[in-house]
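Right, one structure below, let's go through it.
Not measured: the values here are computed from a predicted model. Starting from 1, each residue takes its place in the sequence as its number.
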Amino acid sequence: MDKLLFRRILVAGLTALAIIYVVYLLLSANFNVVPTENAEQVTVTDKIYSNGYIIRDETYVKNTSGGVVSYNVDDGDEVKKGGSVASVFSSEEDAVARTKAASLEDSMKALTKLEQTRRSNTEGIETVNNDITTNIETFLYNINNANIGKLDSNINSIINSVNHYQSFTGKTSSFKPEIASLQSQINELKKSSGDSIADIKAPKAGYFVANCDGYENCFDYSKIGNLTLDNLKNMKKSSVPDNTIGKVISSLNWYIACEITADEATDLTLWGDDVTVDFSDASSNTVPASIYKIVQYNNSDKALVILQCTYMDTTLSEIRQEPVEIGMGSYSGLRVSKKAIHDDYVEKTTYDDKGNEHKESKKVQGVYVLYGSEVQFKEISIVYAGNDYVLCDSSPTDGTLFSGETISLYDQIITEGDDLYDGKVIK
């Protein structure tokens, strides 16, 4: 036989044997005759999903003078009782001119303050840089949360902090020319426009919101404790008076009313603690809340929960009916499928005062874990139960487990199989 042909046959045969051997090793290492899952650390929040109706202490702000309204505050701004909310002008041109003049006055004040800071030079560059970063982050936050009314103020803050940087680093020697120019523009605007004919004041202290939705007076805020599920279902929008320019949200507390199931009401009653609320469609903020009242009805699978809140921002001041997620608490543990849980016996060894050994056995709840090719039964301590899984404590306190041993992170837990028992060897 030709030597070259023989060599080729030999190489091909050795290659085939090598491939077969590698496949064998892979199958031996990765293929189990029983299906398993790794025990992984997971954190979950027990939640109730519903639709929330917001009830606040809201008072209309009205314009009784006619004319054109120019707001002096933004949505979500805090106002004092009797504080100026808006000015009224006889024409739109006057309103626009005076609004622009007020904006230029704010810019001039900021530059004047920077001119004074430039002379004293009492701040460090790190503080100046931090101001720029903070103002940009606030601007982006308000964009993400649709706080449109805050954006002009944010932009002015960014410009002011950049001007501060220019002054601090010597790239701008003085703001006096800019200040003089702004003063000239302000004087011209005031000279060419009329003064306001009226000043609209806040009837109460609280948060101002320009938008009114007609639900402000659907239920008496002072009677929140008397709210029923029928009241909630029959909330109807009413017309907003034509001369309304906004509203003031007063009182520290506001409420979220939700229809829930009887079982969910029982869960909340047993929880009996503070909760969290997420408005998935309206705000990225998690709102802290407390359980104000739970109303369960005889022979009904529905119930009412009223949550009390104090945290407020621009977005929250404008919402009325939103999908909500009520969080009752977070739980952490090793995730185990319910189908993997079995009852079996575990054994422990104890010693009496004389040192004599005693063995005890007890049937407990646990799972079968695959160590190599051997099956071991491990007791579990469940801290939370979901629909098809549980979370187990990997480090339960002494005395919680009969055997004192439980599963560990990344244990291979057997999820299916027949005739499983502790010590069984899987071939």
Side-chain angles (χ1 to χ4, degrees), residues 30-50 258 260-278 280 286 289 291 294 301 303 305 324-348 360-424 426:
N30 294 295
F31 179 74
N32 293 319
V33 294
V34 290
T36 63
E37 64 178 13
N38 290 333
E40 296 182 348
Q41 185 75 17
V42 173
T43 298
V44 299
T45 299
D46 201 6
K47 290 187 176 183
I48 293 173
Y49 298 88
S50 183
C258 305
I260 57 177
T261 67
D263 289 341
E264 289 169 341
T266 300
D267 291 340
L268 281 172
T269 302
L270 294 174
W271 174 249
D273 206 343
D274 292 339
V275 297
T276 59
V277 180
D278 287 298
S280 53
T286 296
I291 300 173
I294 298 173
D301 61 348
V305 61
V324 297
E325 300 174 11
I326 305 171
M328 289 184 289
S330 295
Y331 303 85
S332 295
L334 299 178
R335 191 184 190 282
V336 173
S337 296
K338 284 185 175 180
K339 62 184 179 180
I341 299 174
H342 302 271
D343 291 332
D344 204 343
Y345 287 93
V346 293
E347 190 177 77
K348 70 176 181 179
E360 299 179 58
S361 180
K362 183 180 179 181
K363 179 178 272 192
V364 297
Q365 197 172 51
V367 295
Y368 294 106
V369 180
L370 189 62
Y371 291 100
S373 60
E374 183 180 349
V375 175
Q376 293 184 21
F377 184 74
K378 293 290 184 179
E379 191 175 356
I380 57 173
S381 173
I382 298 174
V383 297
Y384 175 81
N387 291 331
D388 57 358
Y389 70 93
V390 297
L391 299 184
C392 301
D393 193 347
S394 60
S395 302
T397 56
D398 292 341
T400 302
L401 301 175
F402 175 78
S403 63
E405 296 182 5
T406 189
I407 57 176
S408 301
L409 187 66
Y410 304 129
D411 273 353
Q412 286 188 291
I413 298 173
I414 300 174
T415 56
E416 296 178 30
D418 298 325
D419 192 29
L420 296 173
Y421 55 87
D422 188 61
K424 180 177 182 178
I426 304 295

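- The closest side-chain heavy-atom distance from Leu420 to Ile414 is below 4.5 Å.
- A cation-pi arrangement is absent between Lys338 and Tyr389 under the rule of less than 6.0 angstrom and at most 45 degrees off the ring axis.
- Here the side chains of Ser403 and Glu347 are not in contact, with every heavy-atom distance at 4.5 Å or above.
- Side-chain N/O atoms of Thr400 and Ser381 include no donor and acceptor closer than 3.5 Å.
- In this structure, Glu416 pairs ionically with Lys339, as a charged nitrogen and a carboxylate oxygen lie closer than 4.0 Å.
- Within the 4.5 Å cutoff, the side chain of Ile291 has heavy atoms near those of the Val275 side chain.
- Annotation: ring-ring contact (aromatic ring centres under 6.0 Å, His included) contacts of Tyr331 (sequence neighbours excluded): Tyr384.
- Residues Thr261 and Asp301 have side chains that never bring a donor and an acceptor to within less than 3.5 angstrom of each other.
- Summarising the geometry, atom OG belonging to Ser337 is positioned 3.5 Å from atom CD belonging to Glu37; distances are rounded to the nearest 0.5 Å.
- The closest side-chain donor-acceptor pair between Asp411 and Tyr371 falls under 3.5 angstrom.
- Residues meeting the side-chain hydrogen bond (donor to acceptor under 3.5 Å, both in side chains) test with Ser373, sequence neighbours left out: none.
- Of the charged side-chain nitrogens involved, at least one lies within less than 4.0 Å of a carboxylate oxygen, so that Lys47 and Glu325 count as a salt-bridged pair.
- Under the 4.5 Å side-chain criterion, counting only non-hydrogen atoms from C-beta, Glu40 is not in contact with Leu334.
- Rounded to the nearest 0.5 Å, atoms OG1 (Thr45) and CD1 (Ile326) are 13.5 Å apart.
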